[in-house]
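Step one of this worksheet: look at the structure below.
Note that the structure is predicted; figures quoted are calculated from it, not measured.
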Amino acid sequence: QVQLVESGGGLVQAGGSLRLSCAASGRTFSSYAMGWFRQAPGKEREFVAAISWSGGNTYYADSVKGRFTISRDNAKNTVYLQMNSLKPEDTAVYYCAAQQTPDSWYVSGFSGGMDYWGKGTLVTVSS
């Protein structure tokens, strides 16, 4: 069982930056691929970024590539999402998710494959 708690959301002006954190409980955090997803008002949840449990592989949605960076610190059981050059269309609730996998290189953006979800943190980007 893994519990995920997101933090770091808030209100920021367009062009600004935020760093989201996702703290995970459990001793097996390092065997989980991790992902960030988001859901804007009135829209479906969408993939943002993912990272393998080794940290060696990452995967991004085209809409955030070059602006967002996902990283993890397995010693701290934490995954991060650094968001730069934020746009109003990035406004959403951001969710952290974990997927258990035996492969250190495995990474996926498929929300249906995720085993655990956090409750989300709201990011609002003003124009």
Checklist entry - How far does CE of M114 sit from CD of Q100, to the nearest 0.5 angstrom? => result 13.0 Å

Checklist entry - Pairs in or reaching into residues 55-95: which pass disulfide (SG to SG under 2.5 Å), with residues at least two apart or in two chains? => result none

Item to check | E89: side-chain hydrogen bond (donor to acceptor under 3.5 Å, both in side chains) partners, not counting sequence neighbours | outcome: none

Checklist entry - Taking a hydrophobic cluster as the set of Ile, Leu, Val, Met, Phe, Trp and Tyr residues connected by side-chain heavy atoms closer than 4.5 Å, whether directly or through intermediates, do V93 and L20 fall within one such cluster? => result no

Item to check | Sub-4.5 Å side-chain heavy-atom contact between Y32 and T101 | outcome: no

In a table with atom names and distances, give each donor-acceptor pair under 3.5 Å that connects a side chain of residues 120-127 to protein atoms at least two apart or in another chain.
unit_1, atom_1, unit_2, atom_2, d
T121, OG1, G9, N, 3.2

Checklist entry - Which residue pairs pass the salt bridge (Lys or Arg N to Asp or Glu O under 4.0 Å) test with at least one member in residues 4-21, sequence neighbours excluded? => result none

Next on the checklist: Would you say that V79 contacts I70 through its side chain, given a criterion of any heavy-atom pair below 4.5 Å between the two side chains?
Outcome noted: yes

Checklist entry - Taking only residues at least two apart or on different chains, which pairs with a member in residues 49-127 satisfy disulfide (SG to SG under 2.5 Å)? => result C22-C96

Checklist outcome for this item: S111 meets the side-chain contact (heavy atoms from CB on, under 4.5 Å) criterion, sequence neighbours left out, with F37, W117

Checklist entry - If you look only at pairs with a residue in residues 45-65, which of them pass as a salt bridge (Lys or Arg N to Asp or Glu O under 4.0 Å), with sequence neighbours excluded? => result R38-E46, D62-K65

Checklist entry - Pick one: which of Q99, Q3, Q1 meets side chain to side chain contact (heavy atoms under 4.5 Å, CB included) with Y116? => result Q1

Item to check | Heavy-atom pair of closest approach, residues L4 and A98 | outcome: CD1-N, 3.8 Å

Next on the checklist: Within this structure, what is the OG-OH distance for the pair S54 and Y106, rounded to the nearest 0.5 Å?
Outcome noted: 14.0 Å

Item to check | Pairs touching residues 51-71 that satisfy ring pair (Phe, Tyr, Trp, His ring centres under 6.0 Å), sequence neighbours left out | outcome: F47-Y59

Item to check | Closest non-hydrogen atom pair between Q39 and K43, with its separation | outcome: NE2-O, 3.0 Å

Item to check | Closest approach of S17 to Q82 (non-hydrogen atoms, all atoms of both residues) | outcome: CB-NE2, 4.0 Å

Item to check | Partners meeting side-chain contact (heavy atoms from CB on, under 4.5 Å) with K119 (sequence neighbours left out) | outcome: none

Checklist outcome for this item: CG (N57) and CD1 (I51) are apart, to the nearest 0.5 Å, by 9.0 Å

Next on the checklist: On a heavy-atom basis, which atom in S25 and which in V2 lie closest, and how many Å separate them?
Outcome noted: O-CG1, 3.7 Å

Checklist entry - What closest approach, in Å, do S104 and S52 show between heavy atoms, and which atom pair accounts for it? => result O-CB, 3.2 Å

Checklist entry - Who are the side-chain contact (heavy atoms from CB on, under 4.5 Å) partners of S7, not counting sequence neighbours? => result S21

Checklist outcome for this item: The complete set of side chain to side chain donor-acceptor pair (under 3.5 Å) pairs with one or both residues in residues 66-76, sequence neighbours excluded, reads R67-D90, R72-N74

Checklist entry - Does the pair L81 and M83 meet the rule for a side-chain contact (heavy atoms from CB on, under 4.5 Å), with working shown? => result CA-CA 6 Å; L81 184 68; M83 306 186 295; 3.8 Å; yes

Next on the checklist: Hydrophobic clusters here meaning ILVMFWY residues chained together by side-chain heavy-atom distances under 4.5 Å, can you tell me if Y80 and V107 are in one?
Outcome noted: no

Next on the checklist: Applying ring pair (Phe, Tyr, Trp, His ring centres under 6.0 Å) as the test, list every pair that has at least one member in residues 83-105; sequence neighbours left out.
Outcome noted: none

